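Written below as structure tokens is the structure these notes are about.
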2 protein chains.
Amino acid sequence: MKILIIEDEPELRKSMKQYLHQEGYVIESASDYSKALEKIEVYDYDCILVDINLPQGNGLDIIKHLKQNHSKAGIIIISAKNSSDDKILGLDLGADDYLAKPFNLAELNSRIKALIRRRNFDGNKLIEINEITIIPEERAVKVHNIPVNLTAKEYDLLLFFISNKNRVVSKNSIAEHLWGDDSDQIDSHDFIYVHLRNLRKKLAEKGCVDYVQTIYGIGYNFKISV
Amino acid sequence: MKILIIEDEPELRKSMKQYLHQEGYVIESASDYSKALEKIEVYDYDCILVDINLPQGNGLDIIKHLKQNHSKAGIIIISAKNSSDDKILGLDLGADDYLAKPFNLAELNSRIKALIRRRNFDGNKLIEINEITIIPEERAVKVHNIPVNLTAKEYDLLLFFISNKNRVVSKNSIAEHLWGDDSDQIDSHDFIYVHLRNLRKKLAEKGCVDYVQTIYGIGYNFKISV
DNA sequence: TCTTCTATGATTAGAATTTTCATCAAGTAA
DNA sequence: TTACTTGATGAAAATTCTAATCATAGAAGA
């Protein structure tokens, strides 16, 4: 899960980054709208947090821009307490949620989670990428519409790859996501090889292309163009 | 893990309770010191959060009281921004940490976690309860000084019982702790029976008393007087 | 108080999954 | 090339979970 934070206050930006990173998201940030637009042009984000009351420029334009370009990113507006007009305008433009400052980080996190859940489950009940179809509600996976029987770890691994598609993920970040906080205490992450192998095998059996590119010494890249 | 919150502001108290409960702690609260003292007399807490600047009474006395009675509870002082004197006095009296208002709940949570970790790992490297010895660093358990070979789930289960000793824990709360947030989506928690049985068996093999009392229809109680 | 019923807990065996281990293959740098 | 590191593979071991069966506590009713 990749998140873009657009926020000018350095303190707040930093603590948001830190907290959300720790929660397992991949975080990038921009301190103003022009930098944000640059990033949006280049990368895909799953969720964008926009502070809508920055001094230099209009955050609504970002939302407009995203919607015009049919971005799939979820948008959460962060607004100062007093200014509710822009907030409403933003929601009208298609933002998904808003959060008034000051907020606590756990609250932010649960909003993000809720948003991601909504996007994954309600909006489009299916995640479809070429021949792969994922039905998150059932934790089920199909290739060429043939069911593939994945174990929990294999499913988690696939979902992690897909939510980081076209991005290089390290073995460490895989371990963090699939085994949680204590994974750094573990010396060897060899079992990733095993689960990856089993995943590749099961997908290949149903005629799926091997999208998982091994990047020697670095990690893996689930390379796909939808 | 049982936590006592001593805080007079109803709003803050409520949100602390709610958040920490959601994080899996058992929470009790008191709105003033006399009520707090009553609770302290009756129950054992793992951690006590004391707002040290309440209007009626002196929070330092609570800390003194706890220390004089050799309470094992960790103490975190919550203090208003301005008053640092009492904070320092409190730390001198043996409080473990402090947190200035306003704080965010995630921060509070991480302080509590850190405190519990310190208590469990650094201070006394061993947890000793009658014939059971736990070496958390190694996730190792001994009974009558004989090593017991527990699996991860069995160890977690034992630790959960011990950190809630003399307290009734429901099957649901066990599931929440051992399997995390998604456990409520699971219909049956039958595997707890299995893990509990294996744990009991392994402990009994080494001559350990069965401290785990089954409370029909409710849960279990790890009953022990140290 | 004594059955009978029902819900909950215990037990066991076995299936499925996860992890470990040993070995082989391939990439990288000297 | 050679040495070294990283990744892949297969088989076996360990752990976790499922499912079927048995046992017991508590409730309901005679």
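Just so it is clear, the structure is predicted and the values come from calculations on it, not from any experiment.
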All side-chain hydrogen bond (donor to acceptor under 3.5 Å, both in side chains) counterparts of A:K201, not counting sequence neighbours: none
For DNA chain D, the residues among residues 147-155 of chain A that have a non-hydrogen atom under 4.0 Å from it: none
A:F160 to A:L178 - nearest heavy-atom pair and separation: CB-CD1, 4.4 Å
Interatomic distance where CZ belongs to B:F191 and C1' belongs to C:dG9 [whole Å]: 15 Å
Whole angstrom value for the distance that separates C1' of C:dA7 from CG of B:D190: 13 Å
Contacts of type side chain to side chain contact (heavy atoms under 4.5 Å, CB included), residue B:R200, not counting sequence neighbours: B:L196, B:D210, B:V212, B:T214, B:Y220
D:dT6 OP1/OP2 closer than 4.0 Å to side-chain N/O of A:T214: no
Angle of first-five versus last-five pair axes in the helix from C:dT1-D:dA30 to C:dA30-D:dT1, to 10 degrees: 30°
Exceeds 12 heavy-atom contacts within 6.0 angstrom, atom NZ of A:K206: yes
Sequence neighbours excluded, every pair satisfying salt bridge (charged side-chain N to carboxylate O under 4.0 Å, His left out) that has a member inside residues 142-162 of chain A: A:R139-A:D156, A:E154-A:K202
Interatomic distance, A:Q213 CD vs C:dG27 C1' [rounded to whole Å]: 15 Å
Test side-chain hydrogen bond (donor to acceptor under 3.5 Å, both in side chains) applied to B:K35 - qualifying residues, sequence neighbours left out: B:S31
Any residue of residues 192-210 of chain B with a heavy atom less than 4.0 Å from an atom of DNA chain D: B:V194, B:H195
Set of side chain to side chain contact (heavy atoms under 4.5 Å, CB included) partners for A:D46, sequence neighbours left out: A:M1, A:K2, A:R167
Non-hydrogen atoms of B:A73 and B:Y45 that approach each other most closely: CB-O, 3.2 Å
Partners meeting ring-ring contact (aromatic ring centres under 6.0 Å, His included) with B:F222 (sequence neighbours left out): B:Y211
Closest contact, heavy atoms only, A:H195 versus A:L157: C-CD2, 4.0 Å
Listed partners of A:K171 passing side-chain hydrogen bond (donor to acceptor under 3.5 Å, both in side chains), at least two apart: A:Y193
Pairwise N/O distances under 3.5 Å, protein to nucleotides 22-29 of chain D:
| from | atom 1 | to | atom 2 | distance (Å) |
| --- | --- | --- | --- | --- |
| D:dA25 | N3 | B:Y216 | OH | 3.4 |

Residues that A:H65 engages under side-chain hydrogen bond (donor to acceptor under 3.5 Å, both in side chains), provided they are two or more places apart: A:E41, A:N69
